[in-house]
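Taking it in order: structure first as structure tokens, then the write-up.
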Amino acid sequence: MIYINDRLYDFDLETALASISAQRREQALRFKHEQGRRECVAAYLLLKEGLQKEYGIVDNPIFEYEKGGKPRIINHPDIYFNISHCREAAICVIDNVPIGVDIERIRPFKESLARHVLSDDEFQLVVSSPTPEIEFTKLWTQKEAVLKLTGEGIRSDLKDVLSRHAAEVILNTCVCDRYIYTVCRYSATNH
């Protein structure tokens with residue numbers, strides 16, 4: 001299930017901070033600015049909402065982390081989730097199989113960044129598009145969702161992420177007004 005909050009200023013931050021786990025509160029308070037804190041808290045609140053609706057879990061989830069930094073919920077190895085946030089929204093996906101998600105706000109296209117993270121074919125797709133900012137953001141969320149699914153995290157070379165994993169994952173990308181998100185799952189034949 002997918003949970004999204006794109007109204008990050010519609011909750012009282014202090015009340016929300018008091019209602020989440022100490023572990024997540026500490027993480028949220030590491031953000032220097034209120035915006036980052038709100039994004040971090042909103043993503044966790046979505047996880048709490050989903051866990052309550054789908055599994056009847058009302059306790060604050062506590063995370064443990066795999067080698068690559070991918071979080072898991074302690075005492076619930078059968079519940080898979082992933083969260084992401086940006087200035088425009090927070091997202092959480094929950095499933096009974098491994099899953100990855102990334103959300104990014106749509107920003108102006110920067111050719112130097114695109115050349116650094118896109119393959120030659122991807123770069124040509126973006127620069128030939130009438131909306132390069134949207135095409136670039138779609139590819140970026142796809143790459144990051146794959147890396148979050150696999151637990152690899154951001155690597156120094158992102159150019160081959162999609163081609164390297166093409167046969168083993170399914171990507172679902174949604175373009176909204178201010179942001180784009182991608183949910184990534186292993187294909188049925190690979191999991």
Atom [atom1] in [X], atom [atom2] in [Y]: separation rounded to 0.5 Å?
| X | Y | atom1 | atom2 | value |
| --- | --- | --- | --- | --- |
| Lys159 | Phe123 | NZ | CZ | 10.0 Å |
| Ile103 | Thr137 | CD1 | OG1 | 11.5 Å |
| Leu45 | Leu17 | CG | CG | 9.0 Å |
| Asn172 | Ile170 | CG | CD1 | 7.5 Å |
| Glu104 | Thr182 | CD | OG1 | 9.5 Å |
| Glu49 | Leu47 | CD | CG | 10.0 Å |

Would the distance check show the side chain of [X] and the main-chain N or O of [Y] forming a donor-acceptor pair, the cut-off being under 3.5 Å?
| X | Y | value |
| --- | --- | --- |
| Asn82 | Val101 | yes |
| Ser129 | Leu125 | no |
| Asp12 | Thr15 | yes |
| Arg185 | Ile99 | no |

Which atom names give the shortest non-hydrogen contact between [X] and [Y], and what distance separates them?
| X | Y | answer |
| --- | --- | --- |
| Ile74 | Phe63 | CD1-O, 3.8 Å |
| Ala167 | Ser187 | O-OG, 3.6 Å |
| Cys92 | Leu46 | CB-CB, 3.7 Å |
| Val146 | Val169 | CG2-CG2, 4.2 Å |
| Ile91 | Ile2 | CD1-CG2, 3.9 Å |
| Ile4 | Ala89 | CG2-CB, 4.4 Å |

Taking the side chain as every heavy atom from C-beta outward, state whether [X] and [Y] have any atom pair closer than 4.5 Å.
| X | Y | value |
| --- | --- | --- |
| Ile73 | Tyr80 | no |
| Ile106 | Ile180 | yes |
| Ile79 | Ile57 | yes |
| Tyr186 | Thr150 | yes |
| Leu139 | Leu162 | yes |
| Leu171 | Thr141 | no |
| Arg107 | Phe136 | no |
| Arg30 | Glu26 | yes |

Test log, rule side-chain contact (heavy atoms from CB on, under 4.5 Å), inputs Phe81 and Leu51: CA-CA 10 Å; Phe81 77 98; Leu51 291 173; over 6 Å; no
Does atom [atom1] of [X] have more than 12 heavy-atom neighbours from other groups under 6.0 Å away?
| X | atom1 | result |
| --- | --- | --- |
| Asp177 | CG | no |
| Arg7 | CZ | no |
| Asp78 | CG | yes |

Going through the distances and angles, do Trp140 and Leu118 end up as a side-chain contact (heavy atoms from CB on, under 4.5 Å)? CA-CA 9 Å; Trp140 180 269; Leu118 300 178; over 6 Å; no
Co-membership, hydrophobic cluster, residues [X] and [Y], 4.5 Å side-chain:
| X | Y | result |
| --- | --- | --- |
| Leu147 | Leu149 | yes |
| Phe109 | Leu113 | yes |
| Ile83 | Tyr55 | yes |

Would you check, one step at a time, whether the test side-chain contact (heavy atoms from CB on, under 4.5 Å) holds for Glu34 with Leu13? CA-CA 9 Å; Glu34 179 183 349; Leu13 182 58; 3.8 Å; yes
Give a yes or no on whether a salt bridge exists between [X] and [Y], defined as a side-chain N under 4.0 angstrom from a carboxylate O.
| X | Y | value |
| --- | --- | --- |
| Glu135 | Lys138 | yes |
| Glu122 | Lys143 | yes |
| Glu144 | Lys148 | no |

Verdict with reasoning, Arg72 to Glu64, per side-chain contact (heavy atoms from CB on, under 4.5 Å): CA-CA 5 Å; Arg72 292 188 340 207; Glu64 60 185 355; 2.7 Å; yes
Trace of the side-chain hydrogen bond (donor to acceptor under 3.5 Å, both in side chains) decision for Gln27 with Arg24: CA-CA 5 Å; Gln27 187 175 7; Arg24 189 64 176 191; 3.0 Å; yes
With no hydrogens and no angle check, do the side chains of [X] and [Y] hold a donor and an acceptor under 3.5 Å apart?
| X | Y | result |
| --- | --- | --- |
| Gln23 | Tyr44 | no |
| Arg38 | Gln35 | no |
| Tyr179 | Asp6 | yes |
| Asp102 | Ser84 | yes |

side-chain hydrogen bond (donor to acceptor under 3.5 Å, both in side chains) for Glu152 and His165? Distances and angles first, verdict last. CA-CA 12 Å; Glu152 294 173 67; His165 293 285; 2.9 Å; yes
His85 and Phe31 aromatic ring geometry - parallel, tilted or perpendicular at 30°/60° bounds: perpendicular
